[in-house]
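Order of the sequence lines sets the chain letters (A, B, ...), proteins ahead of strands, with each chain counted from 1.
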Amino acid sequence: GAGVSQSPRYKVAKRGQDVALRCDPISGHVSLFWYQQALGQGPEFLTYFQNEAQLDKSGLPSDRFFAERPEGSVSTLKIQRTQQEDSAVYLCASSLTEYNSPLHFGNGTRLTVT
Amino acid sequence: QQPVQSPQAVILREGEDAVINCSSSKALYSVHWYRQKHGEAPVFLMILLKGGEQMRHEKISASFNEKKQQSSLYLTASQLSYSGTYFCGTEYGAQKLVFGQGTRLTINP
């Protein structure tokens with residue numbers, strides 16, 4: 001595909017359930033980012049990968065959040081024991097190089113925790 | 001560390017001009033500008049680097065004042081398609097972008 005693909009597009013989870021969100025970046029893009037966007041707010045940084053290495057996970061809100069990119073391509077963001085405050089749109093973005101490169105965003109996964 | 005955008009919202013008639021500002025309390029390496037329409041992904045507009053030139057995308061241009069740690073986005077002769085929320089993303093040398101809270105732009109016919 002030409003762009004960043006995220007699945008599922010929508011996810012409803014009961015509080016306490018585990019969820020896994022998938023991101024398929026643009027082929028050949030080195031960097032991959034996960035952001036969380038609450039309604040009416042700007043995207044908030046969660047974590048960053050350069051190829052398969054997770055170089056920054058300072059934005060992950062708790063140890064319930066875990067991300068991986070084992071082969072340097074597809075990435076998965078996992079949230080364990082979901083809470084209501086986890087409800088948000090989770091955006092994935094990729095960029096061609098490490099520095100000064102535009103971010104290409106996916107359409108996001110809207111997570112609703114009931 | 002989050003940059004501050006102003007104004008929070010702007011309403012224009014088609015053909016009018018607007019300026020959106022983005023200010024940081026820390027020294028910046030670069031500033032990105034994105035536009036997001038409701039329910040869609042943010043779309044890249046332009047990037048401004050330290051020591052770089054003013055950038056332009058169609059009738060949208062931007063400047064970067066390193067000394068004042070701020071950037072401004074200029075929308076000239078606005079079109080209906082310019083409606084959306086504009087975000088600046090600031091980079092402080094750690095590769096990740098920190099986004100402002102956004103400026104909602106509404107263009108009326």
Side-chain angles (χ1 to χ4, degrees), chain A residues 1-7 9-10 21 23-26 29-51 53-60 67 88-110 112, chain B residues 1-6 8-9 20-24 28-53 55 57 60 62 64 66 71 73 84-106:
Chain A
V4 176
S5 178
Q6 290 188 246
S7 61
R9 188 80 172 88
Y10 302 94
L21 313 180
C23 173
D24 207 330
I26 294 173
H29 278 199
V30 168
S31 299
L32 186 144
F33 302 82
W34 283 98
Y35 283 85
Q36 181 190 61
Q37 187 173 29
L39 192 62
Q41 302 294 315
E44 283 201 27
F45 173 81
L46 294 176
T47 187
Y48 159 63
F49 290 85
Q50 185 178 313
N51 296 308
Q54 188 175 21
L55 298 187
D56 189 338
K57 54 182 180 179
S58 61
L60 296 176
V89 175
Y90 290 85
L91 294 168
C92 175
S94 68
S95 66
L96 184 60
T97 62
E98 301 95 313
Y99 290 98
N100 301 327
S101 187
L103 298 190
H104 298 264
F105 283 89
N107 284 323
T109 294
R110 182 179 294 278
T112 304
Chain B
Q1 189 170 341
Q2 182 184 36
V4 176
Q5 289 185 232
S6 63
Q8 290 190 341
I20 301 172
N21 299 303
C22 174
S23 295
S24 172
L28 298 170
Y29 279 70
S30 69
V31 178
H32 295 218
W33 285 96
Y34 292 79
R35 178 172 60 213
Q36 185 176 32
K37 293 185 182 284
H38 184 69
E40 299 181 9
V43 174
F44 172 77
L45 293 175
M46 61 189 77
I47 180 173
L48 298 107
L49 308 178
K50 281 179 66 171
E53 300 176 355
M55 300 298 292
H57 171 80
I60 301 173
F64 180 17
E66 295 167 36
S71 176
L73 189 72
T85 301
Y86 289 77
F87 294 100
C88 67
T90 50
E91 197 251 317
Y92 301 102
Q95 294 150 333
K96 69 187 183 190
L97 287 185
V98 180
F99 287 93
Q101 79 279 20
T103 296
R104 183 189 296 268
L105 178 64
T106 303

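Most heavy-atom pairs under 4.5 Å with chain B, from the set A:Gly42, A:Ser101, A:Pro43: that is A:Pro43. Looking only at heavy-atom pairs under 4.5 Å with chain A, the residue among B:Pro42, B:Ala41, B:Ser30 that has the most is B:Pro42.
Atom OH of B:Tyr29 sits in a sparse spot, with 12 or fewer heavy atoms from other residues, nucleotides or ligands closer than 6.0 Å. Open room surrounds CD on B:Gln8; 12 or fewer heavy atoms of other groups in view lie less than 6.0 Å from it.
Both the backbone and the side chain of A:Asn107 come within less than 4.5 Å of a heavy atom in chain B. Heavy atoms closer than 4.5 Å to chain A are found in the side chain of B:Gln36, but not in its backbone. Looking at A:Gln37, the atoms closer than 4.5 Å to chain B (heavy atoms on both sides) all sit in the side chain, from C-beta outward. Only the side chain of A:Ser58 comes within less than 4.5 Å of a heavy atom of chain B; its backbone N, CA, C and O stay farther away. Using a 4.5 Å cut-off between heavy atoms, B:Leu45 does not touch chain A at all. Within the 4.5 angstrom heavy-atom criterion, no atom of A:Glu44 approaches chain B.
The NZ atom of B:Lys96 sits 11.5 Å away from the OH atom of A:Tyr48 when rounded to the nearest 0.5 Å.
Residues B:Tyr34 and A:Leu103 have side chains in contact (heavy-atom distance under 4.5 Å, counting atoms from C-beta outward).
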